Amino acid sequence: MDLARPDLRPDPSLSRDEMESLQRDIAAAATLDDDHGLDPSTVAVEEAASLADGLPPARDGAQARLDAGAGSADGHDPDAPVVVGLDQAFLVDREGAPDAAVSAAVAFRDGDVIEFASATTPLSIPYVPGLLAFREGGPILAALDALDVAPDLLVCDGSGRIHFREAGLATHVGVLCDAPSVGVAKSLLCGEPDEPTDGRPAGWRTPIRADDAVTTAEPGTVIGHAFQSRQYPNSGRVNPLYVSPGHRVSAATAVDLVDALCAGYKLPEPTRFADAHADAVKRNADR
DNA sequence: GCGACAG
DNA sequence: ATCTTGTCGC
């Protein structure tokens, strides 16, 4: 996949100041309005698929597509938008220190997996809050490069606009590819929910507004939403997801899309599959 | 100086 | 993110 903005690649060798400066450029280049042909109903995943089905792991690409049943259009819409889930697992050395990133990209269309791809990339810098894209951006692009199908929506594991400079991982990857993207994080990096999020029922959502940690937005600006994708009937102990726009998707549409992509589990299906695929490739890597 | 911080 | 078994509750 050709990059729309190769000049904005997250180069891990940049200084911290240069990284932050680049993120301001990313935020400026990001489109925070809806600019896509997606409707939540056209990307919806109705049925939670079995993860075991989705793991051909030892084989990416064409063979995996065949395994997944693509090509045999049995009642499924071949023109539906392609949603790609992205996630990573890490290989560790003897000391237990992260050694390389295994990035996975799993493509869904009309509710079914149509392709698996992955890439293993040496890690260059440690995790630093706010600079995640400089650690994981390169590896993610490598996985996207290994993917044959063209994405209509990218679902990233991490924040998009919910970020100190409104340029989280999802925003960065979306702008580089000029593809619509959303960020799905399991914990909140910055910003403040309108209401307490504890013990909410499935489907519940509340805006996340910029606080003083967000240096590029007026305090109070809606930068994403807390979204309760799943909850246990009685005891509310599942934490909500934090959904934010990446590129070319509004805050409101981002939650609606993620809602449509969830099928009974806390994480949206594309993310669950990318997670499982990255783990499988990682396990398969040792021996 | 202290706190807070996606994966 | 990763190191890890059983276990309590849907």
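Chain identifiers are assigned alphabetically (A, B, ...) following the order of the sequence lines, protein sequences preceding nucleic acid strands; residue numbering begins at 1 within each chain. Here the structure is a predicted model, which is why all the values come from computation and not from measurement.
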| query | What integer distance in Å separates A/Ile223:CD1 from B/dA6:P? | reply | 14 Å
| note | When A/Gln88, A/Glu136, A/His277 are each screened for side-chain hydrogen bond (donor to acceptor under 3.5 Å, both in side chains) with A/Ser103, the one that passes is A/Gln88
| query | About how many Å separate CD1 of A/Ile140 and CG of A/Leu169, when rounded to the nearest 0.5 Å? | reply | 4.0 Å
| note | CZ of A/Arg272 to CG of A/Leu267, rounded to nearest 0.5 Å, is 8.0 Å
| field | 4.5 Å side-chain heavy-atom contact, A/Glu20 and A/Phe164 | value | no
| What is the distance, rounded to the nearest whole Å, between atom CG of A/Leu132 and atom P of B/dA6? | 9 Å
| Rounded to whole angstrom units, what separation is found between the CD atom of A/Glu192 and the C1' atom of B/dA4? | 12 Å
| task | Tell me yes or no: between the side chains of A/Asp17 and A/Ser15, is some donor less than 3.5 Å from an acceptor? | result | no
| Separation of A/Tyr242 atom OH from B/dA6 atom P, in whole Å? | 11 Å
| field | DNA chain B base-pair string [pairs: Watson-Crick or G-U under 3.5 Å; |: paired with another strand] | value | .......
| Test side-chain hydrogen bond (donor to acceptor under 3.5 Å, both in side chains) applied to A/Thr216 and A/Glu166, A/Arg161, A/Arg165, A/His163, the passing residue | A/Glu166
| In dot-bracket, 5' to 3', how would DNA chain C read with Watson-Crick or G-U wobble pairs under 3.5 Å, [ ] for crossing ones and | for pairs to another strand? | ..........
Pairs under 3.5 angstrom, nitrogen or oxygen only, protein versus nucleotides 1-9 of chain C, please.
from: C/dA1; atom 1: OP2; to: A/Lys186; atom 2: NZ; distance (Å): 3.3

| said: Would you say A/Asp11 and A/Ser13 are linked by a side-chain donor-acceptor pair, where the criterion is simply a distance under 3.5 Å? | reply: yes
| task | Spell out, as yes or no, whether a donor-acceptor pair under 3.5 Å connects the side chain of A/Asp87 to the backbone of A/Ala274. | result | no
| Does the gap between the ring centers of A/Tyr242 and A/Phe227 come in under 6.0 Å? | no
| Spacing between A/Phe134 atom CZ and B/dG7 atom P, to the nearest angstrom | 18 Å
| query | Of A/Val243, A/Asp256, A/Leu241, which is the lone residue that meets side chain to side chain contact (heavy atoms under 4.5 Å, CB included) with A/Arg205? | reply | A/Asp256
| field | OP1 or OP2 of B/dA6 under 4.0 Å from side-chain N/O of A/Tyr127 | value | yes
| task | Please check the phosphate of B/dG7 (OP1 and OP2 only) for any side-chain N or O of A/Ser187 closer than 4.0 Å. | result | yes
| field | Separation of atom CD in A/Glu20 from atom P in B/dC5, rounded to whole Å | value | 18 Å
| task | Using the salt bridge (Lys or Arg N to Asp or Glu O under 4.0 Å) rule, take A/Arg248 and A/Asp34 through it: C-alpha gap first, then chi angles, then the decisive distance, then the call. | result | CA-CA 5 Å; A/Arg248 295 172 54 181; A/Asp34 287 303; over 6 Å; no
| query | Could you give the CG-to-C1' distance, from A/Asp211 to B/dC5, as a whole number of Å? | reply | 11 Å
| message | Measure CD/A/Gln23 against P/B/dA6 and give the value in whole Å, please. | response | 14 Å
| query | Across the strands shown, which category fits A/Leu241 at heavy-atom distances under 4.0 angstrom: base, sugar-phosphate, nothing? | reply | nothing
